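The structure appears below as structure tokens.
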Amino acid sequence: MSWLPLSFGAPMVLWGLLALPVIWWLLRLTPPRPQTEVFPPLRILARVLRREETPQQSPWWLTLLRLLMAALVVMALAEPVFNPREKLPAEGAALALVIDNGWASAADWNKRIATAERLIADAGSNGVPVVIAFTAEKPNAEIGPFDASAALDHLRATKPRPIPTDRPAVYARVAAALERLPGASVAVLADGLAAKGDEAAFKTLLEKHATRLVWATSDRPSVTGLIGADNQVDGFALTAIRAPGNPAPAQVTAGAFDDKGRRIADATLTFAPGEATATGTMAVPFELRNDFASIALDGEHQAGAVRVLDESSKRRRVGLLSQAEADRAQPLLSPLYYIRRALQPFADLVEPSSADLADAIPQLLDQKPAMIIMADVGTIPAQVKQRLVDWVDKGGTLVRFAGPRLAAAGNDDDLLPVRLRGGERALGGALSWTTPQAVTEFPKTGPFADLSPPSEVTVSRQVLAEPTPDIVERTWATLADGTPLVTGMKKDKGTLVLFHVTPEATWSNLPISGSFVEMLRRVVQLSRNQGAAIANAEATAASLAPYRMISADGMLTPPSPDARPLVPGAGPLPVTLENPPGLYGSETGVFAHNLLDASSTFAPLLRPQVSLPVTAIPYAFDESQNLKGPLVAIALLLMVLDTLAVFWMGGLLARRPRRAGTAATAAAVLVVLGGLFGHADLARADDSKPGDTQAIEDISKTRIAYVITGEPGVDSISRAGLEGLTRFLIEKTALEPGPPAGVDIAKDELSFFPLIYWPIDATAPMPSQAAIARIDAYMQQGGTVLFDTRDQFSNGIGAGSASPATERLRDILGNLNVPPLEPVPSDHVLTKSFFILPEFPGRFNGSPLWVEASLDASNTENRPVRTGDGVSPIMITANDFAGAWAIDENGDPMLPTVPPDPMQRVYALRAGVNIMMYMLTGNYKSDQVHVPVLLERLGQ
């Protein structure tokens with residue numbers, strides 16, 4: 001059932017809304033709200049003559065609240081869904097999900113996951129098992145079949161990988177799994193790019209066991225990749241590609257980043273309509289270009305849009321120096337001609353303006369080159385030699401070529417890698433017994449180790465090195481007779497290199513060979529100690545550890561546990577799960593392993609032509625929202641509001657001790673009224689008296705009083721005890737007493753208090769006769785005094801030897817009109833006024849509670865409680881009631897009970913409640929047996 005944009009999974013439940021009128025009828029009644037009365041007995045008697053009341057109607061807002069709550073519950077049970085979606089075709093014997101999670105799927109991976117989740121959810125609702133496979137995972141990854149819950153867990157645990165897909169192998173595994181589940185629906189969630197072997201892979205997957213094809217398509221533009229980033233003479237040349245056939249022109253922006261992730265350059269690449277390739281140039285100085293660590297396309301959050309750079313992408317500044325004057329008419333005979341042609345594509349060349357070495361060498365050094373090449377330079381002037389030596393020691397690379405001048409100059413231990421023999425060696429001349437020598441295999445310890453020896457190169461003249469113990473390790477290239485062709489050595493932080501032939505094609509044809517360019521390129525890579533680690537690693541064919549990897553979303557991250565060392569080799573290296581794209585090596589040197597190479601192209605993936613029913617779905621998030629949870633939450637909130645409303649109507653929320661609020665309110669009202677009527681009655685005198693405010697406060701709330709003895713410890717316990725009893729009364733009864741009051745019996749008004757607690761202390765001053773007379777008058781007028789000697793474990797009342805507190809009590813009682821006393825009998829009203837109590841313990845237990853003796857104490861037959869029309873004006877105990885009731889500011893007991901029984905404190909508080917109820921209600925329970933007859937008489 002669907003009412004757009006709202007639908008219900010169980011629409012029949014909505015018929016429950018028809019019960020709302022019945023619910024309204026049941027909920028419209030509520031018990032009458034209890035009323036707070038100042039003196040309940042009079043109001044009770046006033047209502048006796050009324051007829052029996054029926055509950056009043058529930059307030060309209062409360063009824064509406066409950067009806068709304070019931071309607072929400074009914075609607076939640078109907079499983080409402082906002083913006084419902086159509087179910088996807090996930091039926092049959094099984095659902096096979098084949099998902100591309102290679103680099104091209106990273107940009108909209110969340111949409112692919114949401115689409116797959118909908119397919120799995122619909123398969124789960126149909127009870128269909130799910131086979132789920134990813135095309136960029138390990139070959140042995142588990143593919144199922146799973147139930148819907150396990151398939152969702154498997155899906156959410158998978159992430160896109162920065163590697164190409166392998167559809168043929170994965171589709172073959174899925175097809176093998178479907179052999180046991182014929183008649184399955186196959187959902188292909190591809191990345192939109194064609195790959196080698198796709199046609200055969202789709203044929204294997206769909207031709208036998210599939211009954212339906214679900215084809216997911218993306219709404220994002222064609223993916224864009226970066227296939228070239230070459231550091232040329234005038235800037236970084238960038239090349240980007242996209243899938244062909246796109247008629248719309250497009251522009252992409254590329255950013256260059258240093259090793260700290262800071263953006264330091266930009267370039268714009270433009271795709272013409274229908275073109276699949278775009279180029280652009282970052283025209284920035286080569287010093288800034290050498291800081292590039294990576295280049296990425298903006299807005300393309302995938303690994304194909306990022307290229308990392310290593311030392312081979314950095315341009316060096318190379319200084320060229322020769323003592324021979326250039327012949328412009330014959331440039332091929334220039335000593336620097338072939339060197340310029342070899343280095344110009346990957347280095348910035350600088351030359352001095354002076355031919356004098358004393359001026360030329362400082363000019364080169366001032367331009368801070370990474371490498372200096374000297375073509376047949378003989379003796380170096382002494383005034384500049386030390387500066388050149390210091391430059392080498394600090395990391396410079398000095399490359400020297402032989403020639404007649406060098407051969408005649410003699411040895412230079414500071415600026416040559418080996419010692420030379422005097423003169424030059426001729427091979428194959430008219431006066432020589434030898435023939436020109438070829439180049440043999442390059443030594444494995446040198447930077448040319450992975451180069452093939454040029455078979456076409458021969459050497460006819462050379463300068464010879466003196467045989468020394470370290471000549472072998474300093475030899476980088478040799479001739480067939482074993483003599484060195486190139487030697488080199490590390491000098492401090494720099495490098496010295498010597499080609500034992502001239503840089504022009506006079507002593508050999510090496511300068512006109514392709515190997516000459518590669519050899520110079522390797523030497524340039526060694527300049528400033530950059531690339532040395534990689535060059536040596538490539539030379540020995542060693543593996544390079546993963547250093548920084550390109551993640552699927554195009555970010556540089558630490559290596560994952562799956563990454564393995566990379567073995568560099570000739571030609572492009574495959575990108576796999578073990579060797580993902582990124583940087584390999586260490587901080588001393590890295591090798592760039594990028595996802596795309598210069599020959600990469602993109603082709604759109606076309607939907608296979610099959611005879612199966614095909615359903616095309618877009619990659620999209622599930623915008624439907626299940627409203628069951630929110631409706632239930634709102635219903636629970638309304639239930640809480642309903643509960644609070646019931647508590648408020650019942651008066652429970654108002655039952656809080658209100659301290660000294662009434663007197664302040666009355667005073668405020670008097671001030672306001674005085675302000676309102678002051679102008680109309682200026683002549684009226686103020687008839688208020690001192691103490692009226694305190695009197696108003698005392699009579700506005702029922703309060704328990706205690707006698708101020710003058711002993712701070714005794715008075716503080718008395719007040720804390722009555723505070724504890726007051727709190728207990730508020731929690732357990734309908735009575736809300738005000739804060740306890742301390743009274744001075746010699747001058748304070750006592751008639752405001754129904755009960756006065758008097759702790760007897762022998763060290764306190766003896767009350768005066770006038771004060772005792774006031775107490776006697778208070779007792780005669782209906783008040784009650786509770787005397788507490790607190791000496792249960794001393795000699796108490798009735799003992800042969802009285803305690804000091806008992807002696808003091810006898811002195812006080814001797815001046816009062818005390819009626820006959822007796823311990824509280826078991827059938828006295830005090831034992832039943834609120835709690836059923838057999839005894840009245842306090843902090844101590846054992847002392848009886850003495851009260852006025854009944855006039856007919858012996859007549860107990862046929863009466864549920866003892867008789868007596870009044871309330872005892874006096875009570876005496878030795879159990880220390882206040883000590884048991886006393887609490888601190890946190891509500892914790894202040895004094896322990898004796899014996900330490902937690903229930904004794906509870907019984908002491910209950911005893912206090914019974915005493916207060918007895919004081920306020922008298923012996924009304926003794927007449928409960930006569931209530932029906934009394935009500936009948938009053939009704940007549």
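Source: prediction; values computed, not measured. The chain is numbered in sequence order, starting from 1.
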Which label fits F448 and F442: parallel for a plane angle under 30°, tilted from 30 to 60°, or perpendicular past 60°? perpendicular
Cationic N near anionic O, under 4.0 Å, K159 to D553: no
Apply side-chain contact (heavy atoms from CB on, under 4.5 Å) to the pair I295 and V306, showing each step before the final yes or no. CA-CA 6 Å; I295 299 177; V306 179; over 6 Å; no
Side-chain donor-acceptor pair present, Q462, T483, cut-off under 3.5 Å: yes
Taking the six-membered ring for Trp, are F401 and F499 closer than 6.0 Å centroid to centroid? yes
If the test is side-chain hydrogen bond (donor to acceptor under 3.5 Å, both in side chains), which one of R474, H500, E473 qualifies with T487? H500
Carboxylate-amine/guanidinium contact D298 R263, below 4.0 Å: yes
Quick one: does D310's side chain have a donor or acceptor within less than 3.5 Å of a partner on F591's backbone? no
With a 4.0 Å cut-off on N to O distance, would you call D412 and K385 a salt bridge? yes
Does a donor on one side chain sit under 3.5 Å from an acceptor on the other, for S560 and D562? no
Heavy atoms, side chains only, cut-off 4.5 Å: are V497 and W476 in contact? yes
Validation row, ring centre Y338 to ring centre F516 under 6.0 Å: no
Minimum heavy-atom separation for V392 and L398, please, with both atom names. CG2-CB, 4.1 Å
If you take all heavy atoms of A303 and P162, which pair is closest and at what distance? CB-CB, 3.8 Å
Residues D259, R262: salt bridge by 4.0 Å N-O rule: no
Taking the side chain as every heavy atom from C-beta outward, state whether V318 and V350 have any pair of such atoms under 4.5 Å apart. no
Sidechain-backbone polar pair: R242 side chain, E275 backbone, donor-acceptor under 3.5 Å: yes
Distance-only polar pair, side chains of Q386 and D390, donor-acceptor under 3.5 Å: yes
Audit row: V418, I471, side-chain contact (heavy atoms from CB on, under 4.5 Å) steps and yes/no: CA-CA 7 Å; V418 294; I471 187 65; 3.7 Å; yes
Give me the atom names and distance for the closest heavy-atom approach of S322 to A375. OG-O, 3.6 Å
For the student: nearest non-hydrogen atoms of G102 and P160, plus distance: O-CB, 4.3 Å
For D413, is there an ion pair with K491 - N to carboxylate O distance below 4.0 angstrom? no
Check this for me: does any side-chain nitrogen of one of D348 and R317 sit under 4.0 Å from a carboxylate oxygen of the other? no
Distance-minimising heavy-atom pair for T458 and S508: O-CB, 3.2 Å
Can you confirm whether the side chains of T478 and T440 place a donor and an acceptor under 3.5 Å from each other? yes
Output yes when R340 and E351 qualify as a salt bridge under the 4.0 Å nitrogen-oxygen rule, no when they do not. yes
With a 4.5 Å limit on heavy-atom distance, are the side chains of L406 and V377 in contact? no
